[in-house]
Amino acid sequence: MKKELKIYNSYSREKEIFKPIHEGRVGMYVCGPTVYSDVHLGNCRSFTSFDVVYRYLVHLGYKVRYVRNITDVGHLEGDADTDAEDKISKKARLEQLEPMEVVQRYMNGFHDMMRIFNILPPSIEPRATGHIQEQIEMVQQILDNGLAYVQNGSVYFDTLKFAKQENVYGKLSGRKIEDLLSETRDDLKNQGEKRHPSDFAIWIKAAPEHLMRWNSPWSAGFPGWHLECSVMSTKYLGKTFDIHGGGSDLKFPHHENEVAQSYGACGCAPANYWMHGNMLLMNGRKMSKSDGNSITPEELFTGNSPHVSKGYSPMVLRFFMMQTHYRSTLDLTDEALQAAEKGYRRLMEANKILQAMQHPGKGSAGNLDKEINGLIDQAFADMNDDFNTPKALASLFELVTKINSLKGGQLSFSETTAETLARLQQTFKDFIFNIFGLLNEDAEASGNGIVDGLMDLILDMRQQARTNKDWGTSDKIRDALKELKIQVKDGKEGATWVKG
RNA sequence: GGUCGGUUGGCCGAGUGGCUAGGCAGAGGUCUGCAAAACCUCGUACGGCGGUUCGAAUCCGCCACCGACCUCCA
């Protein structure tokens, strides 16, 4: 069942068999948020995608060190050598807060949202401001290696020199080096401090009014955005580690520059596998904080948005994301969310039925047995094929039909063994809760026992009425419950109920 | 403009050179006191035009449209 895992590597643009550097262990780094405003749903998709990667690696038995940073300094709006301002500094200025107050507020919000979506915390969540010393050291290394230059207290990475030297610049993001080289320095004008337009700041001298600043050999200033990821991944995972993830919009310049920096500092590639999640779309366009085409999770939960007709729960959204491969764009529409809601409920309900099942004992490995085992194997094969959650989910839904048929009597337990049923129960649970990371929201909502007790009473009274062929009373109860969004399901062994 | 990716049935979304994706919605049926739920069956979808092939939605070319990146963004 645990065949080899294949991962699409953005760096080679091919699916590759995953081989960790150290057997049984995985080092994974994912670019976290810049905490200068509330997370939007697009961010959540990205972290959900990598959450599933993390969960699946753990499920496969790997010991994973998962590092996901918090960017709390250095992320600029604009270009470093012109009129750029640090995003967090800017927010602090606008709201008259300490920069660290801004960071704390949005970091708390981010963590809350991760919890709501049942996204597991990383093993290490380092912050850029906690690694200033290491960043200064890396700047120095790059300078020592001759791949950076100092200009008025700021330090810039020399991309042109690096491109000529290593021939890797542009590989990740698919940029043509010739284009870069063809723009010779003599042709360039109005470049400010940079010698070449593609050069980027690794240390930035702080303007007098800038709040966040640290002393360095070059100036009182702050580190460049890309540098933190190179520094923190190196510190916690080593110079070269297994997997580096992030949104596809980070490929350039952020990841490209990370690669450059790692080569610039140690002469080696930072990661063996680069994974890029695709964007969440709304109205056919990328959901983006900066251009306003975004929706917050809260707005979706409450339905307080012109984009949706009603609210959708966090797990419905998580399920919605599972239905699409992480490398495909996902278009958010009300209709698709409604479909996801029903699909989610159907899946959870089937699991409930499955877990309550008991094999009658006698059963042989017939056709059904083969089908069930085949579908389980298929689901794992799907996940092994670059984490294909929609395909795995399809296999699961085929199992849902088997489960319901076993319950409804259309299929017989005699066709399957107790062993297979046990495997199905275990695997189904593993997939839904451990790998996909879904939670059973209904169970949590009704967990206090009072509702369950009341419902037992009500359904018992209704059963009395039905035995007496008192259809009026029976239907009155059913309709009244429906008003309360409780659905009564009549079955051979009495009635059950479900929310919604 | 450059680079890359996409265009799948009513909607969302997988996918492979020939064999069912799946979810939701819709139609018919079974079950039911009637429903609901569940189960069974169904629609012969792959942007357009050419080409390669015994065979292409899947490979190649051209065209159209959409998007992402190229500047901050998961």
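Residue numbers start from 1 in every chain, and the chains themselves are labelled A, B, ... in the order their sequence lines are given, proteins ahead of strands.
- Heavy atoms of A:Gln338 sit nowhere under 4.0 angstrom from any nucleic acid atom.
- When both distances must be under 3.5 Å, the Watson-Crick or G-U wobble mate of B:rU16 does not exist.
- For the pair A:Met321 CE and B:rC12 P, the computed distance is 17 Å after rounding to whole Å.
- The side-chain ring of A:Phe397 is not stacked on the base of B:rG23, judged by centre separation under 5.5 angstrom and plane angle under 30 degrees.
- Among the heavy atoms of the strands, none lies under 4.0 Å from A:Asp382.
- Taking side-chain N and O atoms only, A:Asn278 has no distance below 4.0 Å to OP1 or OP2 of B:rG5.
- With rounding to the nearest 0.5 Å, the separation of CG in A:Leu41 from CD1 in A:Ile295 is 7.5 Å.
- Rounded to an integer number of Å, the gap from A:Arg462 CZ to B:rA37 P is 14 Å.
- Computed from coordinates, the A:Leu399 CG to B:rC39 C1' distance equals 16 Å when rounded to whole Å.
- No engagement by A:Leu281 is indicated, since no non-hydrogen atom pair under 4.0 Å with the nucleic acid exists.
- Phosphate contact (OP1/OP2 of B:rC39, side-chain N/O of A:Asn404, threshold under 4.0 Å): present.
- Scanning atom types as modelled, no donor and acceptor separated by under 3.5 angstrom connect the side chain of A:Asp475 and the base of B:rA35.
- When heavy atoms are screened at a 4.0 angstrom cut-off, A:Ala394 is found touching base atoms of the nucleic acid.
- In this structure, A:Lys251 places its NZ atom 11 Å from P of B:rC4, rounding to the nearest Å.
- By the 30° and 60° cut-offs, the orientation of the rings of A:His244 relative to A:Trp274 is parallel.
- With B:rC39, B:rA14, B:rC69 as the candidates, the nucleotide lying closest to the side chain of A:Asp249 is B:rC69.
- In this structure, B:rU44 makes no Watson-Crick or G-U wobble pair, since no nucleotide meets both defining distances under 3.5 angstrom.
- Note on A:His75: only backbone sugar-phosphate atoms sit closer than 4.0 angstrom, heavy atoms only; bases stay farther off.
- Across all strands, A:Gly42 comes closer than 4.0 Å to base atoms (heavy-atom distances).
- For A:Met287, whose side chain is taken as the heavy atoms from C-beta onward, the closest listed nucleotide among B:rG15, B:rA74, B:rA25 is B:rA74.
- If you check B:rG10 for Watson-Crick or wobble pairing at under 3.5 angstrom, you find it paired to B:rC24.
- In this structure, A:Tyr326 and A:Phe387 have perpendicular ring planes: the angle between them is above 60°, well past the 30° mark.
- Donor-acceptor pairing under 3.5 Å, judged by distance alone, is present between the side chain of A:Ser474 and the base of B:rG33.
- A:Lys342 has its NZ atom 17 Å from the P atom of B:rC11, to the nearest Å.
- In this structure, B:rA38 and B:rU30 make a Watson-Crick or G-U wobble pair, each of the two defining distances being under 3.5 angstrom.
- In the set B:rG22, B:rA74, B:rA14, the nucleotide with an atom closest to the side chain of A:Met279 is B:rA74.
- For B:rG50, the paired nucleotide is B:rC60, the pair qualifying as Watson-Crick or G-U wobble because both relevant distances are below 3.5 Å.
- At the phosphate of B:rG67, neither OP1 nor OP2 sits under 4.0 Å from any side-chain N or O atom of A:Lys286.
- Pair assignment for B:rU3 gives B:rA68, based on Watson-Crick or G-U wobble hydrogen-bonding distances that are each under 3.5 Å.
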